[in-house]
K.L.:
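Quick one: the structure is below, questions incoming.
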Amino acid sequence: MNLAELIAPHIPYLRRFARSLTGSQSSGDAYVSATLEALVADRSIFPTDLDPKVALYKVFSQLWKSVDINLADLPPAAHAWEEQARRSLRAIAPLPRQAFLLMAVERFSNDEGAEILGVSDVEFAHLIETASTEMARQVATSVLIIEDEPLIAMDIEQMVESLGHSVTGVARTHKEAIELFNQRRPGLVLADIQLADGSSGIDAVNDMLRSASVPVIFITAFPERLLTGERPEPAFLVTKPFQPDMVKALVSQVLFFSEQMEQAA
């Protein structure tokens, strides 16, 4: 199997990781593109003795630490939220958050995460501990849930409240989502992709973002369909079936960028 065939199945998930890390589709995809360009230019940088997914993420991590992508050359951001995330990018202390995302969202083991980041197992465990401490200091916020499956909505609501946040409401349709959003502006939106009335959660969120800038995490059973880089796509994705740690990690990322926005204001 050639290199392209080895890494192709893992590129959508690297896009998810990069977008979560940077806070936007275009910034994350720029880093993934730079990683692929580096591999095309010099295939010897790909560690052939590792699992292909681990090796791909390791190359990405090495590039992340050594190169700044020129964000000024990216196309204009679709929303103020994404533009703020770009401006926050260079203020990030990335290693603890990378470690937590690798473990909680990408589901790598501690050994694999340590290999990707080029640290010892002990150092990786310390990074996870640091990330958890930082997340514990995050300010609680209000959350609007857009989900048409009652049991899933209940699970999400319980997870959100267990993290210290409040739920402003649960919407099943596009119309309900807009009404709840206008009644009480949340600090965060958790949105399913497919809604009960056949509409798209992405469309509902886009309508919301026309009147206010609010961070969003999308929920989908098919993340690879939204991680192609071919159109405007979500930066933050929770994959069904989801684990509490995955939700916790991405909520933490969103709140990080929200905090950076407030400090820059």
K.L.:
With side-chain contact (heavy atoms from CB on, under 4.5 Å) as the test, pick out the partner of L188 among T141, L144, I145.
P.N.:
T141
K.L.:
Below 4.5 Å, heavy atoms only, C-beta onward: do S20 and L237 meet side chain to side chain?
P.N.:
no
K.L.:
Using modelled atom types and a 3.5 Å cut-off, is there a donor and acceptor pairing between side-chain atoms of E161 and backbone atoms of Q158?
P.N.:
no
K.L.:
Hey, does L190 have a side-chain heavy atom less than 4.5 Å from the side chain of V143?
P.N.:
yes
K.L.:
Pairs in or reaching into residues 46-62: which pass salt bridge (charged side-chain N to carboxylate O under 4.0 Å, His left out), with residues at least two apart or in two chains?
P.N.:
K58-E115
K.L.:
I need the minimum non-hydrogen distance between D148 and A196, along with the two atoms involved.
P.N.:
OD2-N, 3.2 Å
K.L.:
Looking at side-chain heavy atoms only, is the closest gap between P186 and H165 below 4.5 Å?
P.N.:
no
K.L.:
I'd like a table of donor-acceptor pairs (distance under 3.5 Å, sequence neighbours excluded) in which one partner is a side-chain atom from residues 170-178, with atom names and distances.
P.N.:
{"residue": "T173", "atom": "OG1", "partner": "E176", "partner atom": "N", "Å": "3.2"}
{"residue": "H174", "atom": "NE2", "partner": "D207", "partner atom": "OD2", "Å": "2.7"}
{"residue": "E176", "atom": "OE1", "partner": "R172", "partner atom": "N", "Å": "2.7"}

K.L.:
Indicate every side-chain donor-acceptor pair of residues 100-109 with a distance under 3.5 Å to a residue at least two apart or in another chain.
P.N.:
{"residue": "E106", "atom": "OE1", "partner": "R16", "partner atom": "NH2", "Å": "3.2"}
{"residue": "E106", "atom": "OE1", "partner": "Y57", "partner atom": "OH", "Å": "2.9"}
{"residue": "E106", "atom": "OE2", "partner": "R16", "partner atom": "NE", "Å": "3.2"}
{"residue": "R107", "atom": "NH1", "partner": "A104", "partner atom": "O", "Å": "2.7"}
{"residue": "S109", "atom": "OG", "partner": "E112", "partner atom": "N", "Å": "3.1"}
{"residue": "S109", "atom": "OG", "partner": "E112", "partner atom": "OE1", "Å": "3.4"}

K.L.:
Between F46 and I7, is any pair of side-chain heavy atoms under 4.5 Å apart?
P.N.:
yes
K.L.:
Could you tell me which residues satisfy side-chain contact (heavy atoms from CB on, under 4.5 Å) with I152, sequence neighbours excluded, listed by chain and number?
P.N.:
E147, E149, I156, K240, F242
K.L.:
Using modelled atom types and a 3.5 Å cut-off, is there a donor and acceptor pairing between side-chain atoms of S142 and backbone atoms of S166?
P.N.:
no
K.L.:
Same hydrophobic cluster for V238 and M154, using side-chain heavy-atom links shorter than 4.5 Å among ILVMFWY?
P.N.:
no
K.L.:
Has H126 got more than 12 heavy atoms of other residues, nucleotides or ligands less than 6.0 Å from its NE2?
P.N.:
no
K.L.:
How would you list, by chain and number, every residue that makes a side chain to side chain donor-acceptor pair (under 3.5 Å) with E123, sequence neighbours excluded?
P.N.:
S120
K.L.:
Does A99 have any side-chain contact (heavy atoms from CB on, under 4.5 Å) partners at least two apart in sequence or in another chain, and if so, which?
P.N.:
L117, F124, L127, I128
K.L.:
With a 4.5 Å cut-off on side-chain heavy atoms, are Y13 and T239 touching?
P.N.:
no
